[in-house]
Participant: 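Supplied in structure tokens, the structure appears directly below.
Everything numeric in this text was worked out from a predicted model, so none of it was measured. Note: hydrogens, waters and symmetry copies are ignored here, and every other heavy atom, side chains too, is used.
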Amino acid sequence: MTFLEEQRPTWHEYFIMMAKLAATRSTCLAFPVGAVIVKDRQVLATGYNGSPSGSAHCTAQGFCYPGLDSCDSPSGLPSRAIHAEANAIAQAAKHGISTHGASIYVTLEPCLYCLKLIISAGIREVFYESDFNKGDKVLVRDAFIQDGLVSLTQIKLSQETAKRASLFLLNPTLTAREKLENTQTFQTL
């Protein structure tokens, strides 16, 4: 294996980075989340969380609801956001793309509602970056796993992979030689 081949992200890293990039489009003030649905190493659909199409974005108005200081404030009001997983599944459906047998990569472990939607959409593998479910929700999640309906795997993006990816995001496209020189310079910093 050559030096440049060793620098390539794994498939899991590649797709979780795509989900993280999708999260940058989020209009949710509380949890910017991104999702990517994949089958046979091909992206079927992406999604991010935010208010419904045509509705004012929370980021544009500075709040979810008038009079609510923060999305974390106890108000009894449900979130206005459509979750990233639901948006990705809706995008696939809108374009007639089957998600049966696909996998989904998300930046935040799916809530129970999204997990049920994922299962119903025929997606059997969930790869996520950060934990979310706690308490009794873990019991329900684990029951779905024990029933063989879905598997969940946490993916940790390595610092080295993130640093290499940032070179591609922050710099123009380079030749292989220039990339090698930049990588070696970056590693000495």
Side-chain angles (χ1 to χ4, degrees), residues 8-53 58 64 71-72 78-162 164-166 168-169:
R8 292 177 73 195
T10 67
W11 285 107
H12 291 309
E13 290 174 324
Y14 175 67
F15 292 124
I16 204 71
M17 285 191 294
M18 288 180 120
K20 289 171 80 73
L21 193 57
T24 66
R25 293 280 307 153
S26 172
T27 62
C28 180
L29 295 168
F31 291 106
V33 178
V36 176
I37 300 174
V38 175
K39 186 171 184 179
D40 299 326
R41 295 184 179 163
Q42 295 296 311
V43 173
L44 302 180
T46 65
Y48 50 87
N49 59 334
S51 49
S53 291
C58 298
C64 289
C71 294
D72 298 331
S79 170
R80 292 178 62 237
I82 299 171
H83 291 186
E85 304 92 328
N87 270 327
I89 291 168
Q91 280 299 312
K94 184 177 180 179
H95 297 286
I97 300 168
S98 172
T99 56
H100 186 267
S103 302
I104 190 167
Y105 289 79
V106 291
T107 58
L108 186 66
E109 177 187 8
C111 70
L112 291 182
Y113 296 108
C114 285
L115 191 57
K116 291 185 279 186
L117 181 60
I118 287 166
I119 292 167
S120 293
I123 298 171
R124 297 295 177 245
E125 294 180 311
V126 176
F127 299 96
Y128 67 95
E129 184 177 47
S130 299
D131 289 323
F132 177 73
N133 293 306
K134 295 179 180 13
D136 290 341
K137 293 177 181 180
V138 171
L139 298 173
V140 176
R141 178 201 67 195
D142 290 351
F144 292 146
I145 295 168
Q146 289 168 358
D147 289 345
L149 301 175
V150 68
S151 68
L152 277 87
T153 305
Q154 190 170 23
I155 301 293
K156 293 290 187 182
L157 185 62
S158 74
Q159 287 289 328
E160 197 55 40
T161 298
R164 284 193 308 272
S166 71
F168 284 87
L169 292 172

Participant: Using the test side chain to side chain donor-acceptor pair (under 3.5 Å), find all partners of Q154 that sit at least two apart in sequence or belong to another chain.
Facilitator: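 Per chain and number, Q154 pairs via side chain to side chain donor-acceptor pair (under 3.5 Å) with no residue.
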Participant: Which pair of heavy atoms, one from I123 and one from A102, lies closest together, and at what distance?
Facilitator: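 Nearest pair, atom of I123 first, then A102: CG2-O, 3.4 Å.
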Participant: For residues 149-158, which residue pairs pass the salt bridge (charged side-chain N to carboxylate O under 4.0 Å, His left out) check, not counting sequence neighbours?
Facilitator: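 Found none.
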Participant: As an exercise, state the distance from CD1 of I118 to CG of L112, rounded to the nearest 0.5 Å.
Facilitator: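 I118 CD1 to L112 CG: 10.5 Å, rounded to 0.5 Å.
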Participant: What is the distance from atom CD1 of I119 to atom CG of L149, rounded to the nearest 0.5 Å?
Facilitator: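 Answer for the CD1-CG pair, I119 versus L149, is 5.0 Å.
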Participant: I need the I104 CD1 to T46 OG1 distance, nearest 0.5 Å.
Facilitator: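 OG1 of T46 is found 10.0 Å from CD1 of I104.
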Participant: Measuring from T27:OG1 to N49:CG, what's the distance to the nearest 0.5 Å?
Facilitator: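 T27 OG1 to N49 CG: 7.0 Å, rounded to 0.5 Å.
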Participant: Suppose we screen for salt bridge (charged side-chain N to carboxylate O under 4.0 Å, His left out). Which residues come up paired with E13, at least two apart in sequence or across chains?
Facilitator: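 Partners of E13 by the salt bridge (charged side-chain N to carboxylate O under 4.0 Å, His left out) criterion come out as none, since no residue qualifies.
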Participant: For residues 32-43, dump all side-chain donor-acceptor pairs below 3.5 Å to protein atoms at least two apart in sequence or in another chain.
Facilitator:
{"from": "K39", "atom 1": "NZ", "to": "H100", "atom 2": "O", "distance (Å)": "2.8"}

Participant: Which residue pairs pass the side-chain hydrogen bond (donor to acceptor under 3.5 Å, both in side chains) test when at least one of the two sits in residues 135-146, sequence neighbours left out?
Facilitator: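 Sorted result for residues 135-146: E109-R141.
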Participant: Under 3.5 Å, is there a donor-acceptor pair between the side chain of T99 and the main chain of A121?
Facilitator: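 Yes: the side chain of T99 pairs with the backbone of A121.
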Participant: Report the residues that fulfil side chain to side chain donor-acceptor pair (under 3.5 Å) with E129, sequence neighbours left out, ordered by chain and then residue number.
Facilitator: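 In terms of side chain to side chain donor-acceptor pair (under 3.5 Å), with neighbours along the sequence ignored, E129 is linked to K20.
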Participant: Do you know which two heavy atoms are closest between V126 and L115, and how far apart they sit?
Facilitator: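 Closest heavy-atom pair between V126 and L115: CG2-CD1, 4.3 Å.
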Participant: Rounded to the nearest 0.5 Å, how far apart are OG of S130 and CZ of F31?
Facilitator: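 Here the rounded value is 10.0 Å.
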Participant: Side chain to side chain donor-acceptor pair (under 3.5 Å) with Y14: which residues, sequence neighbours excluded?
Facilitator: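 Here no residue qualifies.
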Participant: Who pairs with F127 by ring-ring contact (aromatic ring centres under 6.0 Å, His included), at least two apart in sequence or on another chain?
Facilitator: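 Once residues adjacent in sequence are excluded, the partners of F127 under the ring-ring contact (aromatic ring centres under 6.0 Å, His included) criterion are H12, Y105.
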Participant: Identify, with sequence neighbours excluded, every residue that meets side chain to side chain donor-acceptor pair (under 3.5 Å) alongside T107.
Facilitator: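 Checked T107 against side chain to side chain donor-acceptor pair (under 3.5 Å); zero matches.
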Participant: Can you tell me which residue pairs pass the salt bridge (charged side-chain N to carboxylate O under 4.0 Å, His left out) test with a partner in residues 113-122, sequence neighbours excluded?
Facilitator: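 For residues 113-122, and leaving out neighbouring residues, there are no salt bridge (charged side-chain N to carboxylate O under 4.0 Å, His left out) pairs at all.
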Participant: Which residues pass the salt bridge (charged side-chain N to carboxylate O under 4.0 Å, His left out) test with R124, not counting sequence neighbours?
Facilitator: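 Partners of R124 under the salt bridge (charged side-chain N to carboxylate O under 4.0 Å, His left out) test: none.
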Participant: Would you tabulate the side-chain donor-acceptor contacts of residues 84-93 under 3.5 Å, counting partners in other chains and residues two or more places apart, or write 'none'?
Facilitator:
{"from": "N87", "atom 1": "ND2", "to": "Y48", "atom 2": "O", "distance (Å)": "2.8"}
{"from": "N87", "atom 1": "ND2", "to": "I82", "atom 2": "O", "distance (Å)": "3.4"}
{"from": "Q91", "atom 1": "OE1", "to": "H95", "atom 2": "NE2", "distance (Å)": "3.4"}

Participant: Checking M17 against T161 for the side chain to side chain contact (heavy atoms under 4.5 Å, CB included) test, could you report, in this order, the C-alpha distance in whole Å, the side-chain angles of both residues, the deciding distance, and whether it holds?
Facilitator: CA-CA 9 Å; M17 285 191 294; T161 298; 3.9 Å; yes
